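Remember, predicted model here, so these are calculated numbers, not experimental data. Counting convention: from 1, in listed order, for ligands and their atoms alike.
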Amino acid sequence: MLIGGFIHQSFIDYPSKMAAVVFTAGCNFRCWYCHNPHLVLPSLIQQNQIIPVEEVLSRLSERKNWLEGVVITGGEPTLHNDLPTFIEKLKDMGYLVKLDTNGSNPGMLSKILANKRIDYVAMDIKNILEPQAYNEIIDVYHPSEVIEKVKTSIEIIKQSGIDYEFRTTKVPGIHTPEIITQIKVQLGPVKRYTTHDYRNENTLMNASCENKT
Ligand code: SF4
């Protein structure tokens, strides 16, 4: 697993828990508002310092008596084949584990959720579940394939029996109240759906422009 960032302690990334945050490097989406371009754009990942997995595990082992959980976020964590092994190691230390995902890898998600060794999943819903609309945000070559995978991931999470939330970053001019309502209708009955306001700072779009000059 490529780890591009680590926060020792956070009160806002795992609901009602004090948790460390592990940021994996690499993502298959290119959300223009992404606040972690250094974990998404290959050229910036190369410039960023990669933290050895063993170092992260060692730091977490030292803190296991006073931290409650670990959030694995990105980038997109499910792109890493050794994610299940990493989660196992966190569980063996006694941590609650939360996974943040863009929902593009239902195969990995299914594998992780099947053995219930994870405690919470937060999945991004970027827009209404239609290829063209979704691609206004994620900017990929095969949006139809992505949408099918995202829909599969939604069902896997809903049926997993594990605590979860779906969430949308609200962008002015795109995520109107009508669009948010439409997303809710498409999701159907869910445990939790939240929205967050878009912040126009340190975005992937800005980083891409700077990288071209
Ligand atoms: S916001 Fe988009 S580009 Fe950034 S890490 Fe999440 S899915 Fe990837």
Side-chain angles (χ1 to χ4, degrees), residues 1-7 10 12-14 21-48 50-51 70-81 83 86 98-109 112 120-154 156-157 164-172 174-175 179-180 183 187 193-212:
M1 219 163 68
L2 274 185
I3 298 178
F6 180 71
I7 295 177
S10 163
I12 58 171
D13 290 279
Y14 197 137
V21 187
V22 175
F23 295 86
T24 62
C27 189
N28 51 349
F29 287 3
R30 292 293 181 271
C31 310
W32 52 268
Y33 58 65
C34 177
H35 286 115
N36 291 320
H38 60 291
L39 297 169
V40 173
L41 298 174
S43 57
L44 296 185
I45 291 173
Q46 280 175 9
Q47 293 169 27
N48 194 22
I50 296 299
I51 310 169
V70 178
V71 178
I72 308 173
T73 188
E76 175 50 37
T78 64
L79 298 181
H80 299 271
N81 290 334
L83 177 63
F86 186 71
K98 171 177 176 264
L99 175 71
D100 291 348
T101 181
N102 63 22
S104 63
N105 193 346
M108 175 61 84
L109 201 52
I112 291 168
Y120 196 103
V121 183
M123 177 177 156
D124 293 339
I125 305 296
K126 304 292 185 182
N127 205 343
I128 54 173
L129 300 169
E130 291 169 8
Q132 195 178 341
Y134 227 74
N135 220 28
E136 282 179 31
I137 307 291
I138 67 174
D139 191 21
V140 299
Y141 287 114
H142 305 291
S144 301
E145 288 174 22
V146 169
I147 280 293
E148 290 314 308
K149 289 177 178 171
V150 165
K151 286 180 178 173
T152 303
S153 291
I154 291 169
I156 289 170
I157 291 170
Y164 67 84
E165 71 179 77
F166 296 107
R167 60 192 188 185
T168 299
T169 298
K170 269 195 310 180
V171 180
I174 293 182
H175 299 104
I179 292 291
I180 296 296
I183 290 172
L187 284 175
Y193 174 68
T194 57
T195 60
H196 305 268
D197 289 332
Y198 155 74
R199 286 177 293 126
N200 183 18
E201 56 193 46
N202 189 30
T203 62
L204 186 141
M205 185 168 60
N206 295 341
S208 298
C209 293
E210 285 166 17
N211 256 18
K212 281 178 189 157

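Listed by first and then second residue, the side chain to side chain donor-acceptor pair (under 3.5 Å) pairs that reach into residues 23-39 are Asn28-Asn102, Asn28-Ser104, sequence neighbours excluded. Here side chain to side chain donor-acceptor pair (under 3.5 Å) pairs that include residues 125-143, with residues two or more places apart or in two chains, are Asp124-Lys126.
Heavy atoms of His35 come nearer than 4.0 angstrom to ligand 1 in no pair at all.
In plain terms, the two heavy atoms of Ala133 and Ile128 that are nearest each other are CB-CG1, 3.4 Å. Of all non-hydrogen atoms in Ser153 and Asn105, the two that sit nearest each other are OG-C, 4.3 Å. Here the closest heavy-atom approach between residue Pro77 and residue Leu83 is recorded as O-CD2, 3.6 Å.
Here the protein contributes Cys27 SG as N, O or S atoms under 2.8 Å from atom 8 (Fe) of ligand 1.
Of the possible polar contacts, one joining the Thr168 side chain to the Ile125 backbone as a donor-acceptor pair under 3.5 Å is found.
Here the protein heavy atom with the shortest distance to atom 6 (Fe) of ligand 1 is Lys126 NZ, 3.9 Å.
Looking at residues two or more places apart in sequence or on another chain, you find a side chain to side chain donor-acceptor pair (under 3.5 Å) between Glu201 and Arg199.
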